[in-house]
Amino acid sequence: MRVGSLTVKPPPFDYSAPDTLEEALFLLGEAGDEARPLAGGQSLVPLLSLRLARPSLLVDLAGITTLRTLGAADGHLALGAMVRERQAERDVRVRRLAPVLADALPLIGHPAIRSRGTIGGSLSHADPAAELPAVALVLEAELVAESRARGRRSIAAANFFTGFFTTELAPDELLTSLRVPSPAPGTGWAVDEVARRHGDFAIVGAAAMVRLDTSTGRIGEARVALAGVGDTPVRLRETERMLDGAEPADGAFADAAEDAAARLSPPADVHGSAAYRRHIAGVLVRRTLKLAAQRAREAA
Amino acid sequence: MTSFDVELTVNGLARRATVEARRTLADFLREDLGLTGTHLGCEHGVCGACTVLVDGEPARSCLMLAVQARGADVRTVEGLAAGGKMNRLQEAMWDSHGFQCGFCTPGFLMQITALLADIPEPSEAEIREALSGNICRCTGYESIVNGVLRAAGATGFLE
Ligand SMILES: Cc1cc2nc3c(=O)[nH]c(=O)nc-3n(C[C@H](O)[C@H](O)[C@H](O)COP(=O)(O)OP(=O)(O)OC[C@H]3O[C@@H](n4cnc5c(N)ncnc54)[C@H](O)[C@@H]3O)c2cc1C
Ligand code: FES
Ligand code: FES
């Protein structure tokens, strides 16, 4: 035995790299929860190296070309689960049709993380501090999933994130694409976060949308979602309702921020107390709503 | 456990070895191919010391399995100098005292190579952003940023 072999970190596992979705679903169906899909590996490989995950089989999705498509059709932008974060961030269609996604992607980790990490991996991993789950909520995106046993189904982002690092996906099911509806005219979007250093996971992150009523100039619809304030990303529907029909002015956004902060019971850890997170959440709600409204005005 | 034949190109040369699926690309380069220029710091994606180029894009070799790199074109720090002569980036880093202990250097050089391929004349802000995922415990980063500016032919760097 070579000395080098002693340096392995992950526990042993088997590996398969199917070319087709059917084959991948078959492998996952046979193996049950002993198998794990491998996308960019930017979250899964650290879990393996730290031996926090011990799958018997990794099903590498990188060879499945149908999961790598990115395109706009029938009023939606569709991103295959295996589209790399870096690829999406550079794509002009993403910039045009989902600007909040284009703005959120560069906030994820570092360039070398995003050149491997995938859209589907980030959503499936469901880190409560991650950017993309909160952005999916604010976009009212659909997540398309497929398994051999139950076929294909579409899950609204609002129903996808069910708990701490937990999603609606069954162990034998794959997320295949993210579908983002095209924005209505007169909408503006914004995303912002507070992190200890550039590229770190957010302590708190926020994404917002404001649509202005083209005839009155008042708020027709507002949406806001937060990362880092609970077990899952959180959509603030009550706060949004306060803004219905309101004048898009600082006062309304400050009231919304206060309301949002009061509703949260965020976690406390070494990066910040619950009170600090609540405060930051309020500040980010106000900032993102204000910027989204400004952009909606510019878009009109 | 099943073993896998991993064939790939490293610094322009076809290489192959038979490894277990759990072999990381970093350990594959260092242990199986003897290319110890790629350094390992944290081994979970945070420090950037192990950064290499995979098909032209920067990647953490500690967060890739060797089997995932089958057929890929990998570039490591050993591929920068040609015929024993340092390339322009290496010269510029040398001239700017861009490293001290040198542990972080291979990762920085590969990340900077990717940056300069993308943006040939980056601003200081773009450099800092691109290097945000690489940790150096010695230099305080100023001399590294200066080295990148010098390599890019900028005039604003500190002598
Ligand atoms: C240093 C560092 C900093 C980071 N910073 C951030 C950050 O600031 N914000 C952030 O959001 N993320 C961050 N990440 C995580 C990064 O975004 C990951 O790329 C992402 O969370 C997982 O994507 P992946 O493609 O690498 O998935 P993998 O690691 O391959 O998989 C993650 C999980 O999802 C499952 N999975 C993957 N694809 C599918 C699918 N199609 N269907 C079903 N299940 C699937 C896997 O089985 C696994 O359980 C960081 C990572 C590192 C190492
Ligand atoms: S050793 Fe790979 S990022 Fe630290
Ligand atoms: S030179 Fe020592 S860590 Fe960077």
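Quick note on labels: first sequence line is chain A, next is B, and so on, each numbered from 1.
Listed by chain and residue number, nothing satisfies the ring-ring contact (aromatic ring centres under 6.0 Å, His included) test with His271(A) (two or more places apart in sequence, or in another chain).
Rounded to the nearest 0.5 angstrom, His198(A) NE2 and Ser132(B) OG are separated by 4.0 Å. We find the CG-CZ distance between Leu48(A) and Arg22(B) to be 11.0 Å, quoted to the nearest 0.5 Å. In this structure, NE2 on His110(A) lies 9.5 Å from OG1 on Thr51(B), to the nearest 0.5 angstrom. Note that the CG atom of Asp27(B) and the NZ atom of Lys9(A) stand 4.0 Å from one another [nearest 0.5 Å].
Contact annotation for residues 64-86 of chain B against chain A (heavy-atom separation below 4.5 Å, listed by residue number): Met64(B), Leu65(B), Val67(B), Gln68(B), Arg70(B). Heavy-atom proximity under 4.5 angstrom to chain A picks out Gln111(B), Asp118(B) from residues 107-124 of chain B.
Ser49(A) contributes no side-chain N or O that, together with a main-chain N or O of His44(B), makes up a donor-acceptor pair within less than 3.5 Å. Proximity of a side-chain donor or acceptor of Arg116(A) to a complementary backbone N or O of Ala59(B) within less than 3.5 Å is not detected.
Residue Ala17(A) touches chain B through its side chain alone, counting heavy-atom pairs closer than 4.5 Å. With a 4.5 Å cut-off on non-hydrogen atoms, Arg84(A) does not touch chain B at all. If you measure heavy-atom distances from Leu58(A) to chain B, the contacts under 4.5 Å come from the side chain alone. Proximity to chain A is limited to the backbone of Cys62(B), based on heavy atoms less than 4.5 angstrom apart. The contact between Leu38(A) and chain B is made entirely by side chain atoms (from C-beta outward), counting heavy-atom distances below 4.5 Å.
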| query | Yes or no on side-chain contact (heavy atoms from CB on, under 4.5 Å) for Thr2(B) and Phe13(A), after CA distance, side-chain angles and deciding distance? | reply | CA-CA 9 Å; Thr2(B) 331; Phe13(A) 49 77; over 6 Å; no
| task | Could you walk me through whether Gln87(A) and Glu57(B) pass side-chain contact (heavy atoms from CB on, under 4.5 Å), step by step? | result | CA-CA 11 Å; Gln87(A) 178 196 345; Glu57(B) 297 276 352; over 6 Å; no
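Note on residues 17-42 of chain B: pairs passing ring-ring contact (aromatic ring centres under 6.0 Å, His included), not counting sequence neighbours, are His39(B)-Phe103(B).
In terms of heavy-atom proximity, Val45(A) sits nearest to Leu63(B) at CG2-O, 3.6 Å. Residue Tyr15(A) comes nearest to Phe4(B) through the heavy atom pair O-CZ, 3.3 Å, listed as atom of the first residue, atom of the second, then distance.
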